[in-house]
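The block underneath contains the structure these notes are about, expressed in structure tokens.
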Amino acid sequence: MSVLKMKRVEIILALLFFALASAMYGQRYPSDVDKIKVSFSQYLDGFYSACDGVSHRNYQGKVIKGDIDGLLDSDVMTYYQLENKYDSPLKRKMFKESEEYQTLLEHLETERTFLLADTFYIVSDIHKTDYDLRKKAFYFHQYTDAIGYSSTYYVDFRYLGIVSPLITFTSVKVAIEDERTALEVENNYQDCRLVYIFTFDEELSRKNETVPIGKLQKLLLVNIKSGKVYFFRAKKSNLVQYDHDIYAELKKEGGIDYPVKYFLKVGNKMHELAFDELWDDYKLEMDGDKYFVVGVDSKRYLLHFKPKLVICYEKDSIYDAKCEEIAKDYKRHPENYQDVTMDPDGGPHYIDKSGNDWVCESESIGYHVLEDEGVYWIVDEMKFIRRKIQR
């Protein structure tokens with residue numbers, strides 16, 4: 001064999017060895033993110049990675065990865081990187097009047113809705129630091145910045161930021177009460193990672209001029225080698241169970257808690273539901289004996305229970321039929337009934353024992369409760385009446 005042929009064989013063998021070694025190395029040493037995704041799947045299932053760029057759903061529902069700058073601002077030019085193509089005021093004006101622009105805007109709005117509805121996670125190394133014996137916590141250094149000139153700090157990941165009460169001017173507080181656990185963290189800090197689980201915040205993102213902002217929902221301190229979770233902290237939720245798997249976020253107004261958002265719990269994930277302005281409730285759709293709710297992501301979710309809204313409608317229908325019967329008897333024998341209508345000059349209404357104000361013209365639901373007080377409404381006369389007690 002000639003020297004030239006031997007060199008070619010050596011080169012080929014070297015390339016094959018390199019390819020094999022690379023494949024073996026890739027299998028034997030997966031990335032930290034891959035390890036975390038597998039080892040801590042119970043915490044991350046259904047969430048999207050933002051570790052090397054935000055993985056999010058496009059208008060077709062397919063997961064893509066890319067720059068989300070301009071997405072939360074509904075900025076077509078920025079999101080689709082069209083500034084260079086339309087580089088004058090006239091070109092931009094004509095483009096915004098085109099069908100192409102309208103199509104891109106519709107796609108963008110769909111993706112924006114998905115982005116706000118989904119949950120994401122990002123993994124961060126930690127810098128070695130000493131456990132604070134007095135405060136029973138680690139203060140891990142993180143690069144931070146402030147939103148505008150405010151005192152709201154966020155961890156700066158260059159292409160996104162995350163805010164949380166746990167974040168100070170230069171660090172993230174991880175409280176660990178047990179000192180033995182803290183010692184294990186100190187002895188294995190090179191294998192420890194912080195895992196931030198967050199959702200994007202539209203209002204904060206618009207206030208910040210540099211990167212989109214997420215709100216921290218959960219924080220984990222994990223060991224990627226042993227699979228241990230040293231710290232887990234979830235944001236305190238003001239969600240209350242509203243109806244089986246449906247939860248409501250409450251807001252206090254005038255001393256009373258009112259639902260302002262609704263969520264459907266599917267596994268360990270909460271899907272925000274579209275709001276029905278007419279009924280001040282979540283959007284509900286019926287198909288035969290099946291019931292669906294609609295998410296802000298425009299998806300329909302099948303419910304495995306009869307919603308209390310439906311039960312309420314059914315009771316209202318029975319009450320309506322009873323009101324029609326009472327109305328007929330009232331017209332024949334008005335002397336047997338008492339008119340309990342309040343303030344007819346200011347509009348006929350009735351206040352029940354619970355303080356609820358019922359108005360004849362309203363489209364309220366749940367008015368069947370009036371039957372508990374023996375009160376019925378006469379629709380064509382705009383009256384609330386009660387049968388007199390026979391003596």
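Since this is a predicted model, take the numbers as computed values, not measurements. The analysis underlying the following values was restricted to heavy atoms, covering all of them including side chains, and did not include hydrogens, waters or symmetry mates. In this chain, residues are counted from 1 in sequence order.
- The pair R386-D339 fails the salt-bridge criterion, with no side-chain N (NZ, NE, NH1 or NH2) lying under 4.0 Å from an Asp/Glu carboxylate O.
- Atom NE2 of residue H56 and atom CD1 of residue I64 lie 4.0 Å apart, to the nearest 0.5 angstrom.
- Contact detail for D297 and A117: the closest heavy-atom pair is CB-CB, 4.4 Å.
- A continuous path of Ile, Leu, Val, Met, Phe, Trp and Tyr side chains, each step under 4.5 Å between heavy atoms, connects L116 with V54, placing both in one hydrophobic cluster.
- With T110 contributing its side chain and E106 its backbone, the two residues share a donor-acceptor pair below 3.5 Å.
- A salt bridge links K93 with E97: the closest approach of a Lys/Arg side-chain nitrogen to an acidic carboxylate oxygen falls below 4.0 angstrom.
- Residues S171 and T168 bring a donor and an acceptor atom of their side chains to less than 3.5 Å of each other.
- No donor-acceptor contact under 3.5 angstrom links the side chains of T113 and Y59, judged on distance only.
- Between Q217 and Y196, the side chains place no donor N or O within less than 3.5 Å of an acceptor N or O (distance only, hydrogens not considered).
- Atom CD of E186 and atom SG of C192 lie 10.5 Å apart (nearest 0.5 Å).
- Atoms CG and CG, on N58 and L115 in that order, are 12.0 Å from each other to the nearest 0.5 Å.
- Counting all heavy atoms, side chain and backbone alike, L216 lies closest to S164 at CD2-OG, 3.4 Å.
- One finds a salt bridge joining K91 and D87 here, because a Lys/Arg side-chain nitrogen approaches an Asp/Glu carboxylate oxygen to under 4.0 Å.
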(message) Between E285 and Y291, does the side-chain hydrogen bond (donor to acceptor under 3.5 Å, both in side chains) criterion hold? Intermediate values first, please.
(response) CA-CA 6 Å; E285 295 181 356; Y291 305 98; over 6 Å; no
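- Taking a 6.0 Å sphere around NZ of K215, one finds it holds 12 or fewer heavy atoms contributed by other residues, nucleotides or ligands.
- At a cut-off of 3.5 Å, with distance as the only test, a side-chain donor of D329 or Y337 sits close to an acceptor on the other residue.
- Counting heavy atoms of neighbouring residues, nucleotides and ligands inside a 6.0 Å radius, atom CD of Q81 does not exceed 12 of them.
- Not a single donor-acceptor pair under 3.5 Å links the side chain of S55 to the backbone N or O of A50.
- Note that the OG1 atom of T210 and the CG atom of D156 stand 6.5 Å from one another [nearest 0.5 Å].
- Between the side chains of T170 and Q142, no donor-acceptor pair of N or O atoms lies under 3.5 Å.
- In summary, the side chains of Y330 and K383 do present a donor paired with an acceptor at a separation below 3.5 Å, with no hydrogens or angles considered.
- When hydrophobic clusters are built by joining Ile, Leu, Val, Met, Phe, Trp and Tyr residues whose side-chain heavy atoms come closer than 4.5 Å, directly or via intermediates, I197 is not grouped with Y230.
- In plain terms, the two heavy atoms of V172 and V155 that are nearest each other are CG2-CG2, 3.9 Å.
- Figure legend: cation-pi geometry between R57 and F114, with NZ or CZ positioned under 6.0 Å from the six-membered ring centre and within 45° of its axis.
- A salt bridge is defined here as a Lys NZ or Arg NE, NH1 or NH2 lying under 4.0 Å from an Asp or Glu carboxylate O, and E373 with K353 fails to meet this definition.
- For the residue pair E179/Y131, the side-chain donor-acceptor check at 3.5 Å is not satisfied.
- In this model, no donor atom of one side chain and acceptor atom of the other lie less than 3.5 Å apart for N356 and Y350.
- Using a cut-off of 4.0 Å between Lys/Arg side-chain N and Asp/Glu carboxylate O, K306 and E314 are scored as salt-bridged.
- Atom CG of N188 is separated from atom NZ of K228 by 8.5 Å, given to the nearest 0.5 angstrom.
- Figure legend: K96 and Y86 shown without cation-pi pairing, the cationic atom not lying both under 6.0 angstrom from the six-membered ring centre and within 45 degrees of its axis.
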(request) Mind running ring-ring contact (aromatic ring centres under 6.0 Å, His included) on Y301 and F292 for me, showing each step along the way? (result) CA-CA 5 Å; Y301 296 91; F292 299 85; 9.8 Å; no
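- Here D52 pairs with K65 under the side chain to side chain donor-acceptor pair (under 3.5 Å) rule; sequence neighbours left out.
- A distance-only check finds a donor-acceptor pair linking the side chain of D316 to the backbone of G366 [under 3.5 Å].
- Ionic pairing of D380 and K331 is present here: one or more N-O contacts between side-chain nitrogen and carboxylate oxygen are shorter than 4.0 angstrom.
- When all heavy atoms of F138 and A182 are compared, the pair lying nearest together is CZ-O, 3.4 Å.
- H349 approaches I351 most closely through the heavy-atom pair CD2-CG1, 4.0 Å.
- Taking 4.0 Å as the cut-off between side-chain N and carboxylate O, E203 and K207 count as a salt-bridged pair.
- Under a 3.5 Å cut-off, the side chain of S39 and the backbone N or O of I36 do not form any donor-acceptor pair.
- Atom-to-atom distance recorded for K308:NZ and D281:CG is 7.5 Å, nearest 0.5 angstrom.
- D69 and Y159 are not linked by any side-chain donor-acceptor pair at a separation below 3.5 angstrom, with hydrogens and angles left out of the test.
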